[in-house]
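The structure appears below as structure tokens.
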Amino acid sequence: MTGQDYPQEADIVIVGCGPVGAMLANLLGMQGITTLVLDREAAIYNLPRAIQFDDEVMRLLQTAGLAEEMAPLVRVVPGMRFVDDTGRLLLDWSRPVECGRQGWSESYRFHQPELEQVLRDGLSRFPGVSLRLRSSVFAIDQEPDAAVVRCEDLTTGRLHRCRARYVVGCDGAGSLVRRLIGENMDDLGFNERWLVVDVLLKRPRPDLGDHSVQHCSKQRPATYVRGIGERRRWEITVLPGDDEARIVQPGFVRELLSRWVSPEEIDIERSALYTFRSAVATKWRSGRLLIAGDAAHLTPPFLGQGMCAGMRDVGNLAWKLGRVLRGLNDDSLLDTYQSERAPHVREYIELAVRLGGLINTKAMADAVPRSVLDGAEVAQMRSIKPRLGPGIANGWNGHSGEIAPQPLLYGGQRLDDAVGYRYAAVMEPSFAAQLPRETWVRLEARDATIVTGDGEIGAWLRDAGAPAVLVRPDRYVLGAAHSNQELAALAALI
């Protein structure tokens, strides 16, 4: 999969092979799309970075055929608690550990190098996907029928070029592809310096707990996160008078952590300063160039949604690229990528910013009611599942843009496994029995799987208030139908 030969042509070039780029490459490979992935690093970064993902990401791993490989490497998280300087609980975000409507638990801890290895190993299944490491992209030229990517092999110094139908920048906050698109990022107002410390415990400390804890402090706000195995993370705010050269030194780090662990109990794996920002790119596509992940948006980490948002980006984009490349839809389908994803990710970022105001005690009333701050009650928080912004079926009905549940079929098979990476027309048996042949033919011709059943499917449809729901390949609802005419109108959209 690695080597010095570079394909001269590909359907898609992906710049960056972090988790987001690697997931995109897997989803494209599943569709038989020739893909070249370029990454400037020689190997996977071996220290923790992202450490949490949610049920939608696990469901995306399932779609990519990698959930079984990832499942032994994760730990279910029971939730998060926000406490003040006295230890009083302000906000409780407990989450069930059992599987929910998505078919998976709501929150998982993981070790990023292990996730990246699973994703990269997955690429070996697809002969049309090539990964080239130590490859630095320095120019992309858009032509009428292609984008020409120019890169340097940093091992040999040789220059290479590849013509592609589209280029997707999964190349992080400093994205070259975003700069070539030529637009700025919309700053949403959060900009703070934090120290991130990853440690390995030398002895068990069950008293630290499995919940994440946000210490909403007037002295020094901090976050505790339980990682995989003996890994633990603390994120600690940098105060205005701190010496940033000193604060990352092991002695000072151990002093900061002494509130929770003694110096002899830990090995420091990493300590690094980060600027937590909130921003959304104003333009995610220009012709044949697109961006995803941190190249398109930045969020404070208080919701654990940074990497998750990037995974949702490519979950939205990959099937659209596939349908355009196969001639099932015209190029305008790609314009729905930003219109759907940008409002969705902005809702997560704005909530993270509000929680940041609670944690750093600067805007606490924006996150919880006054009665909570006065000690009269504890606020309860639930995970949000925003709808997509306007896109393919904007305004069709009340369920458009919702994430669909994943019911079990008869025999215990999950819906997504039965459907595969395509549209699904989920119907009550009686509705399917009187479906006109022309609608049935249209669905099958447009690469949709028809699923009927009662049980959990019936319960979902009754809850939706409709006998038929059309679900997109990214598992979001295109629309629901009460009649043959409404389903035919939905089928005409795909």
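Just so you know, residue 1 is the first one in the sequence shown, and it goes up from there. Heavy-atom basis, side chains included; hydrogens, waters and symmetry copies ignored.
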In plain terms, say whether Asp210 and Arg75 are close enough for a salt bridge, that is, a side-chain N and a carboxylate O under 4.0 Å apart. yes
With a 4.5 Å cut-off on side-chain heavy atoms, are Val324 and Leu334 touching? yes
Just checking, Arg462 and Trp460: is the charged tip under 6.0 Å from the six-membered ring centre and within 45° of the axis? no
Would Asp55 and Lys385 satisfy salt bridge (charged side-chain N to carboxylate O under 4.0 Å, His left out), going step by step from the backbone distance to the final call? CA-CA 11 Å; Asp55 46 4; Lys385 294 290 183 185; 2.7 Å; yes
Surrounding CZ of Arg165 (heavy atoms of other residues, nucleotides or ligands, distance under 6.0 Å), is the total greater than 12? yes
What distance do Arg312 atom CZ and Met23 atom CE have between them, rounded to the nearest 0.5 Å? 12.0 Å
How about His399 and Glu402: does a side-chain donor come under 3.5 Å of a side-chain acceptor? yes
Is a salt bridge present between Asp366 and Arg354, judged by a nitrogen-to-oxygen distance below 4.0 Å? no
Are Trp194 and Tyr274 an aromatic pair by the rule of ring centers under 6.0 Å? no
Pairwise side-chain contact, Glu340 with His344, heavy-atom cut-off 4.5 Å (strictly under): no
Within-4.5 Å side-chain heavy-atom neighbours: Leu91 and Leu355: yes
Check: Gln214 and Val83 side chains under 4.5 Å, non-hydrogen atoms: no
Around atom CD of Glu68, are there more than 12 heavy atoms of other residues, nucleotides or ligands at under 6.0 Å? no
If you measure from the Lys or Arg side-chain nitrogens to the Asp or Glu carboxylate oxygens, is any gap between Arg326 and Asp447 under 4.0 Å? yes
For the pair Phe110 and Phe53, name the ring-plane relationship: parallel under 30°, tilted 30 to 60°, perpendicular over 60°. tilted
Evaluate Lys362 against Glu192 for salt bridge (charged side-chain N to carboxylate O under 4.0 Å, His left out), listing each step before the verdict. CA-CA 12 Å; Lys362 293 177 182 177; Glu192 292 187 2; 3.6 Å; yes
Verify, without hydrogens or angle tests, whether Tyr423 (side chain) and Ala491 (backbone) share a donor-acceptor contact under 3.5 angstrom. no
Just by distance, with hydrogens left out, do Glu183 and Trp284 show a side-chain donor and acceptor under 3.5 Å apart? no
Classify the angle between the aromatic ring planes of Phe302 and Phe276 as parallel (below 30°), tilted (30 to 60°) or perpendicular (above 60°). perpendicular
Under 4.0 Å between a Lys/Arg side-chain N and an Asp/Glu carboxylate O for Asp416 and Arg422? no
Anything under 30° is parallel, anything over 60° is perpendicular, the rest tilted; go ahead and classify Trp104 against Tyr108. perpendicular
